[in-house]
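Some notes on the structure that comes next.
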Protein chains: 2
Amino acid sequence: MNIRTDSREKMIKAASRLFQMQGYHATGLNEILKKSDAPKGSLYYYFPKGKEELALAAIGLASDIIQSKIRASLSVYADPILAIQNVIRDMEKAIKKDGKLENVSLSLLSLETYLSSETLREACRKSFIELEKIYAEKLRESGIFPQSAQNLGMVIQAMIEGAITISITKKDTTTLAAVAEQIAVIIKPYKTT
Amino acid sequence: MNIRTDSREKMIKAASRLFQMQGYHATGLNEILKKSDAPKGSLYYYFPKGKEELALAAIGLASDIIQSKIRASLSVYADPILAIQNVIRDMEKAIKKDGKLENVSLSLLSLETYLSSETLREACRKSFIELEKIYAEKLRESGIFPQSAQNLGMVIQAMIEGAITISITKKDTTTLAAVAEQIAVIIKPYKTT
DNA sequence: TCTCTATTATAGTGATCGGTCTACATATTA
DNA sequence: TAATATGTAGACCGATCACTATAATAGAGA
């Protein structure tokens with residue numbers, strides 16, 4: 001089988017990074033190849049359908065990483081309010097680090113592809129839903145009714161996604177911080193404990 | 001002066017629409033020219049610095065339209081909760097209409113340009129801040145303390161922006177509706193009346 | 001009518017885009 | 001060793017990108 005060949009992995013990693021940061025259309029195949037120092041011949045060997053197929057794999061990887069980061073941040077606290085605030089704090093750190101979108105949000109890719117590629121839109125959609133579920137589950141664990149938890153999960157996911165977009169644009173994470181504060185307000189009314 | 005020449009206006013309008021819908025990098029100059037049936041030679045006459053300069057004007061127009069639409073929706077109700085919920089309802093309608101981003105959000109342009117163009121990033125930033133202020137003002141009018149109003153304005157703006165992104169991606173405005181519901185929850189604690 | 005300026009037309013620039021192709025190297029298996 | 005997958009090399013393709021150069025056109029003022 002494929003032994004010492006990590007070209008595929010390297011291409012997906014580089015593509016994931018670049019697509020998230022600067023977007024799908026702003027990222028050329030050549031740039032991906034260069035950053036991953038993989039040969040061009042290999043691209044169409046592993047991804048015969050080209051850029052879109054590579055992007056699908058890249059979105060998959062990004063989604064997995066984002067999910068696991070959020071799960072890790074959530075698990076630090078049992079209380080859902082503290083836990084979600086911790087997630088947001090970690091995102092603030094990631095954004096402050098160098099002001100780039102890396103493993104925090106698929107919003108850019110999602111908005112770039114919702115019209116032009118059903119395949120990629122669907123991948124982003126699934127990722128969004130997965131994140132909602134992660135938040136909802138944390139809320140359910142603390143005794144919030146499933147229906148309320150699901151609704152709150154959606155809202156929390158929207159707040160965070162929007163705050164990331166705005167914080168990146170402003171080069172200032174105040175909006176993320178403000179959202180973190182309000183997390184407490186929207187969850188408290190549903191807490192049974 | 002010159003005879004009624006609306007070529008400039010037509011180009012900005014078409015550019016604004018296309019950039020918002022499909023993004024900056026996905027929209028070619030030729031497409032803009034075609035859709036605006038403006039004379040091909042006129043683009044670099046009115047926008048000597050090219051695409052970026054046109055985009056700046058397009059963002060300005062989009063921002064103005066979005067602001068005035070939000071102001072109009074807000075003014076229907078005196079109560080800030082009802083007013084903001086009305087804004088969101090109107091956005092749901094706009095998105096349901098044909099599933100495209102048109103005069104509702106600059107998130108796509110913002111995320112596409114935050115790294116590559118300081119000029120366009122700045123234009124998006126200003127637009128975001130303006131929207132926060134609009135919401136904050138509505139809250140202040142109903143007696144909420146300025147500091148709280150400003151914070152809530154930021155959060156509301158983030159919630160809406162995020163919910164738009166997610167709703168567009170899912171082709172389903174449930175998230176926007178869920179956010180509208182929670183608007184009441186986050187504003188109530190600050191209401192003095 | 002003639003001139004001047006504002007606007008438009010069009011051909012063409014080099015660069016880069018995503019994608020294709022064939023030749024070749026290497027590794028595994030028979 | 002021979003045969004066969006598996007993967008790499010990179011030149012090449014037409015199309016399109018943003019952009020430029022220069023000439024033609026038209027209207028306004030004299």
Side-chain angles (χ1 to χ4, degrees), chain A residues 1-19 21-59 108-109 112-113 115-121 123, chain B residues 1-19 21-59 108-109 112-113 115-121 123:
Chain A
M1 283 300 151
N2 46 347
I3 33 162
R4 45 167 218 87
T5 283
D6 51 351
S7 294
R8 205 186 113 98
E9 281 296 310
K10 285 195 296 182
M11 285 189 290
I12 295 176
K13 276 184 191 165
S16 175
R17 224 180 86 84
L18 292 168
F19 284 153
M21 271 175 34
Q22 44 187 339
Y24 182 78
H25 292 102
T27 305
L29 259 12
N30 289 331
E31 190 179 3
I32 295 171
L33 261 358
K34 197 177 166 190
K35 286 267 201 282
S36 62
D37 55 16
K40 183 156 197 173
S42 301
L43 207 164
Y44 285 87
Y45 175 75
Y46 293 110
F47 305 98
K49 282 187 285 188
K51 192 181 189 182
E52 191 180 17
E53 195 179 358
L54 172 58
L56 187 63
I59 290 174
L108 171 53
L109 270 165
E112 271 193 301
T113 60
L115 265 185
S116 57
S117 165
E118 199 57 25
T119 309
L120 300 184
R121 197 203 107 244
Chain B
M1 280 295 146
N2 53 347
I3 191 114
R4 266 287 1 109
T5 276
D6 53 349
S7 294
R8 205 186 112 98
E9 282 294 311
K10 285 195 296 182
M11 282 189 291
I12 296 175
K13 277 183 191 165
S16 175
R17 222 180 88 85
L18 291 169
F19 283 153
M21 271 175 34
Q22 43 186 307
Y24 181 77
H25 293 103
T27 304
L29 260 14
N30 289 333
E31 190 179 3
I32 294 171
L33 260 357
K34 197 176 165 190
K35 284 268 202 284
S36 63
D37 57 10
K40 328 264 173 192
S42 301
L43 207 164
Y44 284 88
Y45 175 75
Y46 291 111
F47 305 98
K49 282 187 284 186
K51 192 181 187 181
E52 191 180 17
E53 194 179 359
L54 172 58
L56 187 63
I59 290 174
L108 171 52
L109 270 164
E112 269 192 302
T113 61
L115 265 184
S116 58
S117 165
E118 201 55 26
T119 309
L120 301 184
R121 196 203 107 245

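Chain letters run A, B, ... following the sequence lines, proteins first and then strands; every chain starts at 1.
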Quiz item: Do any side-chain nitrogens or oxygens of A/Tyr46 fall under 4.0 Å of OP1 or OP2 in D/dT8?
Solution: yes

Exercise. Would you tell me if any nitrogen or oxygen in the side chain of B/Asn30 comes within less than 4.0 Å of OP1 or OP2 on D/dA18?
Key: no

Quiz item: What's the CG-P distance between A/Leu29 and C/dC17, to the nearest Å?
Solution: 9 Å

Practice problem: Please report, rounded to the nearest Å, how far the P atom of D/dG7 is from the CG atom of A/Asp6. | Solution: 12 Å

Quiz prompt | Atom pair distance, as rounded to whole Å: CZ in B/Phe47 and C1' in D/dC19 | solution = 15 Å

Quiz item: Taking atom NZ of A/Lys13 as the centre, does the number of heavy atoms from other residues, nucleotides or ligands within less than 6.0 Å exceed 12?
Solution: no

Quiz item: Any cation-pi pair here, B/Lys51 with B/Tyr24, using under 6.0 Å and within 45°?
Solution: yes

Quiz item: Quick one: is B/Ser42 getting a side-chain N or O under 4.0 Å of the C/dT8 phosphate, OP1 or OP2?
Solution: yes

Quiz prompt | Atom pair distance, as rounded to whole Å: NZ in A/Lys51 and C1' in C/dT20 | solution = 17 Å

Self-check item: First of A/Pro48 and A/Glu31 reached from the 5' end of DNA chain C, by closest nucleotide
Solution: A/Glu31

Quiz item: Would you call B/Phe47 and B/Leu56 a side-chain contact if the rule is heavy atoms closer than 4.5 Å?
Solution: no

Quiz prompt | Distance-minimising heavy-atom pair for B/Ala14 and B/Ser36 | solution = CB-CB, 3.5 Å

Exercise. Send over the distance from A/Leu33 CG to D/dA9 P, rounded to a whole Å.
Key: 10 Å

Self-check item: Any A/Tyr44 side-chain N or O less than 4.0 Å from OP1/OP2 of C/dG19
Solution: yes

Self-check item: Under-4.0 Å side-chain N/O to phosphate OP1/OP2 contact, B/Tyr45 with C/dT8
Solution: no

Quiz item: More than 12 heavy atoms of other residues, nucleotides or ligands under 6.0 Å from NZ of B/Lys35: is that the case?
Solution: no

Quiz item: Does B/Ser7 place a side-chain N or O at less than 4.0 Å from the phosphate oxygens OP1/OP2 of C/dT8?
Solution: yes

Quiz item: How many Å lie between NZ on A/Lys49 and P on C/dT20, as a whole number?
Solution: 13 Å

Practice problem: Using atom CD of A/Glu9 as one end and atom P of D/dG7 as the other, report the distance to the nearest whole Å. | Solution: 13 Å

Quiz item: What is the distance from CG of B/Asp37 to P of C/dA9, rounded to the nearest Å?
Solution: 11 Å

Quiz item: Which part of the nucleic acid does A/Lys40 contact within heavy-atom distance under 4.0 Å: base, sugar-phosphate only, or nothing?
Solution: base

